[in-house]
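Proteins get letters first, then strands, A, B, ... in listed order; numbering begins at 1 in each.
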2 protein chains.
Amino acid sequence: MKKIKILIVDDHQLFSEALKGLIEDKDNFEVVDQLVNGQEVQEFFNTENAVIPDLVLMDVQMPIVNGIDATAWLTENHPEIKTLALTMDNEENTILKMLRAGAKGYLLKDIHPTVLHQAIEETIEKGFYYTEQINDTLLHANKIDRNPLNHVELKPRELELLKYACQEMTYKEIAEKMFLSPKTVDGYRERLFVKLNVKSRIGLVLYAIKENII
Amino acid sequence: MKKIKILIVDDHQLFSEALKGLIEDKDNFEVVDQLVNGQEVQEFFNTENAVIPDLVLMDVQMPIVNGIDATAWLTENHPEIKTLALTMDNEENTILKMLRAGAKGYLLKDIHPTVLHQAIEETIEKGFYYTEQINDTLLHANKIDRNPLNHVELKPRELELLKYACQEMTYKEIAEKMFLSPKTVDGYRERLFVKLNVKSRIGLVLYAIKENII
DNA sequence: ATATTAAAGGGGGAAATTCCCCTCGTTTAA
DNA sequence: TTAAACGAGGGGAATTTCCCCCTTTAATAT
């Protein structure tokens, strides 16, 4: 019997190692390697003698290169390999980003091991693993997408201002840091307010938190 | 040979389950039970026929009752049981709180499994497991403690204002929500600024984030 | 039993900052 | 060559911040 070859990508070594044991409890599963961030994924697949996995269990928040970018890279360069997101972050936005990057499913770390096995098998067989949670997210996705407030593209300078705005500085101080006139900063602030649909600097900070900018 | 009995408390079932496997790879370790939050810890020990563990692996961030409170409860009611904190949060403040609550050591989830086994054995034998990380934290502890900015006690009304201040409302609107005069709100705001050592409302928000108030 | 202190609620006035319009000149890229 | 992005600015209103000040109530200490 051919085993299902799995690659684990998670920066928490202890979890990764433990997960490996859990997966290999079932005889038809085999963990081919464990990586700690997205950068290692690219390095792994660029190695000559790499054992190509059938499925990748991908964490989202990792240092250097995160799970979203790593998944996007995999989808681009190795579309035959299926990626399952495995994280404790159940933000709609994160789910959507992972699915857009090409993930075939989304699992939370607080699930039961049997669900994990089931999800892996289903992904290999059917090509995807969709839970109620994902369906809900996709249902809202259209609404989210049509709403111009989301997926706003911030220009470099605006992003810079946003980051400064989340610190205890007045706009005057920010202007100095950015080598701009206070009036210019005020203009950027104004545009940020419109783009992000906020009414005060507090709104900027809350947006930055929600989007993990700070 | 008598096995070391371990209790796992972690809200991430998958991790908890996987961790159990990892621990039981060594013959002298035995996982007696797995709980998902601090409340279950109290319930567990209030059960008649509960198998009393030698050591508890305690996560910090959990729903309902967190790891800090659960550890404090254990230290109070079952001082003979050793608690090891096991979390991915390496904030100095969190480490300090767990140690104060009575934890015998502090482990990060990105450690290698061998370190885990070693830490457990050392805790059982010597009564504690101190890493360089903990020592660093303790070195700073005096400084942190002497600094009145930390361990500030916020009065209920102040905390309420703090929470509102982290939303897109003007102080006038907050005053209405709290059924107070804007001037009273201003008084609370002023006291919060002094207590938390911040210079603007942005500072309040940043404080609230750092302390997980919002 | 009385003074002291802490907590909660309220104010006046002024300065600083933030917010909200709207205009203008570059440069740069489609 | 029309639109963006970027930088700068004026004027004014609203809000925030920062000083002072005050009363009432309840608990605590002397």
Could you state the CD-C1' distance from E190(A) to dG11(D), rounded to the nearest angstrom?
14 Å
Quick one: F193(A) CZ to dA14(D) P, roughly how many Å, whole number?
17 Å
Min side-chain heavy-atom separation F45(A)-P53(A) under 4.5 Å:
yes
What parts of residues 171-189 of chain B reach DNA chain C, counting only heavy atoms under 4.0 Å away?
L180(B), S181(B), K183(B), T184(B), Y188(B)
Cationic tip of K109(A) above F15(A) ring, under 6.0 Å, 45° of axis:
yes
Distance in angstrom units between R157(A) CZ and dA4(D) C1', rounded
17 Å
From CD1 of I202(A) over to P of dT16(D), roughly how many Å is that when rounded to an integer?
8 Å
Between L35(A) and D33(A), is any pair of side-chain heavy atoms under 4.5 Å apart?
yes
Considering non-hydrogen atoms only, spot the tightest contact between K172(A) and P182(A) and give its length.
CG-CG, 4.4 Å
Can K163(B) and E160(B) be counted as an ion pair, charged N to O under 4.0 angstrom?
no
Protein-nucleotide distance (E160(A), atom CD; dA5(D), atom P), rounded to Å:
17 Å
Any carboxylate oxygen within less than 4.0 angstrom of a Lys/Arg side-chain nitrogen, looking at D89(A) and K97(A)?
no
Supply the atom-to-atom distance M178(A) CE to L161(A) CG, rounded to the nearest 0.5 angstrom.
5.5 Å
Considering only heavy atoms of chain A and a distance under 4.0 Å, specify the first and last nucleotide of DNA chain C in 5' to 3' order that meet this criterion.
dT17(C) to dC20(C)
For atom CG of L161(A) and atom P of dG7(D), their distance in whole Å
11 Å
Nucleotide dA14(D), atom P - distance to NZ of K199(A) in whole Å
17 Å
Grab the two heavy atoms, one from V65(B) and one from Q39(B), that are nearest each other, plus how far apart they are.
CB-N, 3.4 Å
